[in-house]
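Heads up: the structure comes next, in structure tokens.
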Amino acid sequence: MRRGPGKTGFDVWLLCAGFMLAGAVCAQGKSAPAAKAPPDMRAVFASASDIGEGRKVAQASCAACHGMDGISTGPNVPHIAGQRPGYLYDEMRVYQGGGRPDKAMGDAVRYLSDDALVKVSAYYGSLDPAPTSATVDAKAGTSKGAGRVDPVKAGKAVADGCAGCHGESGVSSMAGMPNLVALDPKHFYDATIAYKSGKRKHDMMKTLAAGISDDDLRNVAIYYALQKPARAKTPVSGDEAAGAKAACACSGCHGDKGTTSTATVPNLAGQDQAYFVEAMRAYKSGARSDESMKGVAATMDDATIKNLAAYYAKQQPLPTKARAPLSVTEWVQRCDRCHGANGNSTDPHMPAVAGQRADYHAKVLHAYRTGERKSTAMSAMSSALTDADVEALAAYYARQKPRSVIFVPVPTK
């Protein structure tokens, strides 16, 4: 329901709630008892008097950062005008209990009584939300995420420069050059970073990797992971049967027939034999730093390594579990399930994100990704977000028109 002329949004909510409660009781021929909202809903049922007192709390404790109108003008400070009152109350309780590492917020709410938290939540929730222009025109409101490119296409553009050595679509046809298909994106990324840092010794790869940005590297990783898996198109020689026996020592990590389910461990099926041999020798000598691999390689002579490489080179690689990244539209559909259409939540405890500052929204999403903010649902949702996804979502919701819409539950007798 929308706020009416001459009344605050909370006046309207309270009035409707009162009518519903009175109707339910009168239908039973009884006088209406005094309704008492549960602790986490008191801000939703706040009276005009409560809102007035909340204004005084806001003036003393909140206005320095959030303004009396609840519209932020400083970087990384959220708009809170028109925010859902139950959510504001819940969040301040978290800050008050030390659940968020934000000294400014902790200091601001530390000594506020529960009654004061209720009333200031009701006050800010009763205000008109920030106009969309106030958010989009803010310095960080025009996010680079608005022009987000397709990660797979971007990855292919970078991968075109790798084709000369690693083959079209990452299927090697040059002995000594590894297949890049059928590798989990996590392993591909970690391996390239190892070349970049010098943990893996290879002068050419170190130089090439140094010129690839982190975002481009992640895009390349997902591009190769989504290509059709195929064995390297290079010669294979050796005793495959002997290699199969030797592979028993590798299956615990690299899986049956060289296909693993562990993201950080490479699939070996279909890998170029010569590359495999050189990699094992590097682990054995310490040129590649990995204690678990060094121990395994140390037990194998050159003949065993060659046979093992022949065995894996003959195995058929399988598709990875990687999926094409979601588009901004697909991410928005997921976010809107909880936060409401275009970010306008109708749940008093679920934050509205429509019209929120892009810089603050991005900051919060990063905090959930890293675990700085704790939420089982948000951690699960944000764990798959890339930096580009975060920027794009923040920019999208900053452009949405915020609305003061709250549904008050019908009180029970």
Side-chain angles (χ1 to χ4, degrees), residues 72 75-79 83 87 90-91 94-95 97-106 135 140-152 154-155 184-193 196 212-223 225 262-264 320-340 343 345 349-400:
S72 166
N76 294 313
V77 176
H79 298 315
Q83 186 55 274
Y87 170 75
D90 291 341
E91 291 300 285
V94 174
Y95 283 116
R100 295 266 169 80
D102 188 308
K103 187 177 186 302
M105 275 300 300
T135 298
T142 52
S143 168
K144 65 182 180 181
R148 177 177 181 265
V149 298
D150 182 285
V152 179
D184 188 279
K186 173 63 175 169
H187 169 73
F188 183 98
Y189 175 85
D190 289 347
T192 310
I193 289 296
K196 203 171 187 176
I212 302 177
S213 70
D214 198 68
D215 284 343
D216 281 342
L217 181 53
R218 294 182 188 280
N219 291 339
V220 173
I222 193 67
Y223 166 73
T262 304
T264 55
T320 69
K321 294 181 180 179
R323 295 291 180 267
L326 297 178
S327 67
V328 176
T329 299
E330 290 169 323
W331 273 119
V332 166
Q333 290 172 347
R334 294 191 176 196
C335 297
D336 283 358
R337 293 173 192 171
C338 293
H339 294 282
S345 166
H349 295 286
M350 186 62 64
V353 293
Q356 187 54 270
R357 285 183 62 100
D359 57 350
Y360 175 75
H361 195 168
K363 175 186 173 182
V364 169
L365 286 175
H366 283 306
Y368 282 122
R369 290 172 72 198
T370 62
E372 181 182 335
R373 281 198 175 203
K374 308 296 182 184
S375 168
T376 301
M378 280 302 299
S379 294
M381 285 292 292
S382 61
S383 62
L385 291 172
T386 65
D387 288 346
D389 290 330
V390 168
E391 296 292 336
L393 283 171
Y396 171 83
Y397 282 114
R399 296 191 300 270
Q400 304 312 302

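Here the structure is a predicted model, which is why all the values come from computation and not from measurement.
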Heavy-atom closest pair (Tyr95 atom, Arg100 atom, distance to 0.1 Å) is CE2-CB, 3.2 Å

Strictly distance-based, threshold 3.5 Å: is any side-chain N or O of Lys196 a donor or acceptor partner for the main-chain N or O of Ile212?
yes

Do Asp190 and Thr264 come close enough that some side-chain heavy atom pair is under 4.5 Å?
yes

Of all the heavy-atom pairs spanning Tyr397 and Val332, show the shortest one and how long it is.
OH-O, 3.5 Å

Does a side-chain heavy-atom distance below 4.5 Å link Thr386 with Asn219?
no

Between Thr320 and Ala225, what is the shortest heavy-atom contact and its length?
OG1-O, 3.1 Å

Does the side chain of Leu393 reach to within under 4.5 Å of the side chain of Val353, using non-hydrogen atoms?
no

For the backbone of Glu330 and the side chain of Arg334, can you confirm whether one donor and one acceptor N or O come within less than 3.5 Å of each other?
no

Can you name the ring-ring contact (aromatic ring centres under 6.0 Å, His included) partners of Phe188, sequence neighbours left out?
Tyr224

Minimal heavy-atom distance between Ala367 and Thr370, with the atoms involved, is O-OG1, 3.2 Å

Could you measure the distance from the OG1 atom of Thr192 to the NE2 atom of His187? Nearest 0.5 Å is fine.
8.0 Å

Inter-residue atom distance Cys338.SG - His349.NE2, 0.5 Å rounding:
14.5 Å

Does some side-chain heavy atom of Arg218 sit less than 4.5 Å from a side-chain heavy atom of Asp387?
no

If only atom types and distance count, is the side chain of His339 paired as donor or acceptor with the main-chain N or O of Pro351 below 3.5 Å?
yes

Taking Arg373 as the fixed residue, which of Val364, Leu365, Asp102 is the one that meets the side chain to side chain contact (heavy atoms under 4.5 Å, CB included) rule?
Val364

SG/Cys335 to CE/Met381 distance, rounded to the nearest 0.5 angstrom?
5.0 Å

I'd like to know if Lys363 and Asp359 make a salt bridge, using a cut-off of under 4.0 Å between side-chain N and carboxylate O.
no

Roughly how far apart are Asp214 CG and Ile193 CD1, rounded to 0.5 Å?
5.5 Å

Identify the two heavy atoms, one from His366 and one from Glu391, that lie closest to each other, and give their separation to 0.1 Å.
NE2-OE2, 4.5 Å

Nearest heavy-atom neighbours spanning Asn76 and Tyr360
O-CD1, 3.3 Å

So, Ser379 side chain and Thr376 main chain: donor-acceptor pair closer than 3.5 Å or not?
no

